[in-house]
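Structure, as structure tokens:
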Amino acid sequence: MTALASLHSKTVKRTTSAAVSSSPVVLPRRVVLPCPHAGAAAPPASGGLIDTSLDYTKDRTYQRLGMPMPLYEYLQSHTREPHVLARLRHSSKSTYVPAQDEGIAIPPEQGAMLSMLVEMNQPKRIIEVGTFTGYLSAALALAMPAGGKLYTLDPNPKNAEKARPVWTEAGVLDKVEAVVGPAGDSLERMLAKDGEGCVDFAFVDADKKKYDKYYELLLKLLRPGGLLVLDNCLWYGRVADPMAQDEYTLALKDLNDKILTDARVSACIVPVGDGMVVCRRR
């Protein structure tokens, strides 16, 4: 038997043995870090690293990119998330996020990546278009330097009302300002008041049909070197489906194509969550 055949034989035996094993695969819970702010809720009794009281197996984000559940559970078990955010996200789901909308909430691995971008960028001024539960604005505010300000834009005043306790418990209420009204109008007012180049970081997760308008306004507001992140650029895979002709899908496809050749930015699509386009203003 050749060395290659011998290796193949051993591989088949190992694979066969693993396939017939009935032992369940046990994956660890996601790592949950204690909140760095004084006065925040105490970490769990396990010492602040593992919160075994929360059930993360119902998150459906993995379905967006076709990731098998065991692999997605592994990803979540290796995602850092401040304890206060984990608890707030769980609480948000159970209190005012309908079951059918769970999949549109920011998953923890996406929040972790965006927080890291904020830590690297060290922004003094952040704009978030779309408040929803307040989870992401809290995560970004925790990551931004002292003295920074995050403006979260949303047409629905109820979202700001529901998010305010989240910001309070996360210890970032002084960093966050809710701007209620149509986001396009709010961005135009900021541009008229403060001029171009006054923003360091921006995130958009709102009406997909208006993404192009937000993109153009935020590019004017961003300083050179500033970051603009647009969520849902893969849109549950529909952007790659030629049969998907709804206005939301077409708007996202057009913007993805536009950014691909836009000389004003450096950009890449990151397959996290429902896909994000990360743009750096040149």
Side-chain angles (χ1 to χ4, degrees), residues 27-61 72-73 75-98 101-124 126-128 130-152 154 158-178 201 203 205 229 231 272-273:
L27 295 171
R29 295 280 186 174
R30 181 167 64 255
V31 175
V32 181
L33 302 180
C35 178
H37 289 270
S46 58
L49 294 180
I50 307 296
D51 187 345
T52 58
S53 65
L54 305 184
D55 179 13
Y56 303 108
T57 60
K58 295 181 180 179
D59 288 335
R60 298 182 295 168
T61 310
Y72 186 62
E73 288 179 340
L75 170 64
Q76 289 212 328
S77 72
H78 288 74
T79 295
R80 293 188 178 190
E81 183 180 37
H83 170 67
V84 64
L85 292 183
R87 189 156 44 78
L88 288 170
R89 180 172 51 79
H90 180 74
S91 174
S92 295
K93 281 187 177 183
S94 62
T95 53
Y96 63 89
V97 178
D101 289 342
E102 286 185 12
I104 69 174
I106 295 292
E109 65 275 10
Q110 187 176 4
M113 181 175 182
L114 290 165
S115 295
M116 181 174 289
L117 289 177
V118 167
E119 288 184 9
M120 295 168 65
N121 189 250
Q122 289 291 291
K124 287 291 187 179
I126 294 177
I127 291 180
E128 177 191 42
T131 304
F132 199 38
T133 67
Y135 171 88
L136 183 62
S137 47
L140 299 183
L142 282 170
M144 72 188 306
K149 198 73 175 180
L150 185 152
Y151 300 87
T152 179
D154 201 290
K158 292 183 179 179
N159 285 340
E161 293 173 8
K162 293 173 181 177
R164 193 161 283 107
V166 173
W167 303 328
T168 300
E169 188 164 350
V172 297
L173 185 60
D174 60 326
K175 288 184 177 182
V176 181
E177 181 175 329
F201 187 98
F203 178 80
D205 184 6
V229 183
D231 198 19
V272 175

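Quick caveat: nothing in here was measured; it's all calculated off a predicted structure.
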- Query: Got a second to check how far Gln110's CD is from Thr79's OG1, nearest 0.5 Å?
  - Reply: 11.5 Å

- Task: Report the C-alpha separation of Ile106 and Phe203 in whole Å, then their side-chain angles, then the decisive distance to 0.1 Å, and conclude whether the side chain to side chain contact (heavy atoms under 4.5 Å, CB included) test is met.
- Result: CA-CA 12 Å; Ile106 295 292; Phe203 178 80; 4.0 Å; yes

- How close do Arg164 and Ala178 get, heavy atom to heavy atom, and via which atoms? NH2-CB, 4.2 Å

- Write down the atom of Gly273, the atom of Pro107, and the distance for their closest heavy-atom approach. CA-CG, 4.1 Å

- Evaluate the side-chain proximity of Leu114 to Leu140: yes if any heavy-atom separation is below 4.5 Å, no if none is. yes

- Query: Do Val172 and Leu150 come close enough that some side-chain heavy atom pair is under 4.5 Å?
  - Reply: no

- Atom pair CG (Asp154) and OG1 (Thr131), whose distance is rounded to the nearest 0.5 Å: 4.0 Å

- Note on the structure: On a heavy-atom basis, the closest approach of Ala143 and Ser115 is CB-O, 3.5 Å

- Message: Show the nearest heavy-atom pair for residues Ala112 and Arg80, with the distance to one decimal.
- Response: CB-O, 3.8 Å

- Write down the atom of Ala160, the atom of Trp167, and the distance for their closest heavy-atom approach. O-CZ3, 4.2 Å

- Message: For the OG1 atom of Thr152 and the CZ atom of Phe132, what is their distance to the nearest 0.5 Å?
- Response: 12.0 Å

- Item | Spatial distance of atom NZ (Lys124) from atom NZ (Lys149) [nearest 0.5 Å] | 13.0 Å

- Message: Closer than 3.5 angstrom, by distance alone: can the side chain of Gln122 be matched with the main-chain N or O of Glu119 as a donor-acceptor pair?
- Response: yes

- Item | Trace of the side chain to side chain contact (heavy atoms under 4.5 Å, CB included) decision for Leu136 with Asp205 | CA-CA 10 Å; Leu136 183 62; Asp205 184 6; over 6 Å; no

- Query: Could you give the distance from OH (Tyr135) to CD (Glu81), rounded to the nearest 0.5 Å?
  - Reply: 3.5 Å

- Query: About how many Å separate CD of Glu177 and CD1 of Ile126, when rounded to the nearest 0.5 Å?
  - Reply: 13.5 Å

- If you take all heavy atoms of Leu85 and Ala138, which pair is closest and at what distance? CD2-CB, 3.8 Å

